[in-house]
Enquirer: 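Sending over a structure as structure tokens; questions will come in a sec.
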Amino acid sequence: METAKRQKKQGKIFVISGPSGSGKTTLLNKLIQDREINKLLIKSRSLTTRPRRWQERDGQDYFFVSRDEFRRLLKAKKILEWTRYLGYYYGTPRELVEARIIKGGHIGFCLDLKGAAILKKIYPKNTVTVFVLPPSLETLKARIEGRSKSIDKEEVAQRLALARRELSAASDFDYCILNNNLQVALKELKEIVLTHVGS
Ligand code: 5GP
């Protein structure tokens, strides 16, 4: 009862998930740029041991760290939740989330399915989960291939195989958005956020 009361006053957590190439990161980045949303929501930045892609900036898209550093932070309990995705580690910095939501601020995340499930478990009343569906597997493949100049065939195949498995989890989410048209999907996501931050 006490926990439920405390969670009610806290900020909301929006977790956007979906297969690699579904467009979830673009959607969240665009949403944050929206003037109305910008005042309400910040984007969480994860730690990762994956190499930086050419268009990514350290401290903006991710905090790029070594495996040793990741392990050290994990041991020091500085990571709220983490996952291993295609051999690399990804984790949510604990302080960033706790400091924000305790003050009633809202925060958006792009996480894999495991991350979405864990945040929902830790903060059941605050967390809203959204699954982004790609229009087709062909589109997904083209997006994954187009994303990085250095991506090899094996990684594309691994990401696609994982995407097929991830798609079956869509029904576990609070909302599903079909990302066929970016503007339409963005409008839907914005409506979801405004519905929940207003309540
Ligand atoms: P990518 O390498 O494509 O940037 O990310 C791979 C996957 O890891 C994506 O599904 C992304 O949403 C997820 N991810 C990124 N950061 C985190 C995190 O901190 N925790 C969890 N659980 N997943 C993450």
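Whatever order the structure lists them in is the order used to number ligands and atoms, beginning at 1. Along the sequence shown, residues are numbered consecutively beginning with 1. Bear in mind that the values here come from a model prediction, so they are computed numbers and not experimental data.
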Enquirer: For atom NZ of Lys30, is the number of surrounding heavy atoms from other residues, nucleotides or ligands below 6.0 Å larger than 12?
Expert: no
Enquirer: Pick whichever of Tyr85, Tyr62, Phe63 has a heavy atom sitting closest to atom 5 (O) of ligand 1.
Expert: Tyr62
Enquirer: Identify the residue among Thr127, Asp174, Asp172, Asn126 that makes a side-chain hydrogen bond (donor to acceptor under 3.5 Å, both in side chains) with Lys120.
Expert: Asp174
Enquirer: If we only count N/O pairs under 3.5 Å, is Trp82 in contact with ligand 1?
Expert: no
Enquirer: Please list, in number order, the atoms of ligand 1 under 4.0 Å from a heavy atom of Arg53.
Expert: 1 (P), 2 (O), 3 (O), 4 (O)
Enquirer: Looking at Glu155 and Arg50, is any side-chain nitrogen of the basic one under 4.0 Å from a carboxylate oxygen of the acidic one?
Expert: no
Enquirer: Heavy atom of Glu81 under 4.0 Å from ligand 1?
Expert: yes
Enquirer: Between Ser20 and ligand 1, is there a nitrogen or oxygen pair with a distance under 3.5 Å?
Expert: no
Enquirer: With a heavy-atom distance limit of 4.0 Å, tell me whether Arg159 approaches ligand 1 through its side chain, its backbone, both, or neither.
Expert: side chain
Enquirer: May I ask whether Trp82 and Tyr62 are part of the same hydrophobic cluster, defined by side-chain heavy atoms of I, L, V, M, F, W, Y residues being less than 4.5 angstrom apart, directly or through others?
Expert: no
Enquirer: For ligand 1, does Lys114 get within less than 4.0 Å through its side chain, its backbone, both, or neither, judged by non-hydrogen atoms?
Expert: neither
Enquirer: Can you sort out which atoms of ligand 1 are near Gly91, meaning under 4.0 Å from one of its heavy atoms?
Expert: 18 (C), 19 (O)
Enquirer: Return yes if some donor-acceptor pair links the side-chain N/O of Asn179 with the main-chain N/O of Leu133 below 3.5 Å, else return no.
Expert: no
Enquirer: Atom 23 (N) of ligand 1: which protein heavy atom is closest, and how many Å away?
Expert: Asp112 N, 3.2 Å
Enquirer: Thr83 heavy atoms, cut-off 4.0 Å: which ligand 1 atoms fall inside?
Expert: 21 (C), 22 (N), 23 (N)
Enquirer: Using heavy-atom distances only, which candidate in Tyr89, Tyr90, Phe109 approaches atom 24 (C) of ligand 1 most closely?
Expert: Tyr90
Enquirer: Counting only heavy atoms not in Gln60 (residues, nucleotides, ligands), do more than 12 fall under 6.0 Å from its CD?
Expert: yes
Enquirer: Between Glu98 and Arg94, is the closest basic N to carboxylate O distance under 4.0 Å?
Expert: yes
Enquirer: Any idea which part of Glu166 is under 4.0 Å from ligand 1, heavy-atom wise: side chain, backbone, both or neither?
Expert: neither
Enquirer: Ignoring hydrogens, just give me the one of Gly115, Ser46, Cys110 whose non-hydrogen atom is nearest atom 14 (N) of ligand 1.
Expert: Cys110
Enquirer: Closer than 4.0 Å to some heavy atom of Arg50 - which atoms of ligand 1 meet that?
Expert: 1 (P), 2 (O), 4 (O)
Enquirer: So which heavy atom in the protein is nearest atom 10 (O) of ligand 1, and how far is it from that ligand atom?
Expert: Lys24 NZ, 3.3 Å
Enquirer: Tell me if a side-chain donor or acceptor on Thr48 pairs with a main-chain N or O of Tyr89 at a distance below 3.5 Å.
Expert: yes
Enquirer: Are Tyr175 and Glu188 packed together at the side-chain level, in the sense that at least one heavy-atom pair is separated by less than 4.5 angstrom?
Expert: no
Enquirer: Does atom NZ of Lys78 have more than 12 heavy-atom neighbours from other groups under 6.0 Å away?
Expert: no
Enquirer: So is there a nitrogen or oxygen of Gly18 less than 3.5 Å from a nitrogen or oxygen in ligand 1?
Expert: no
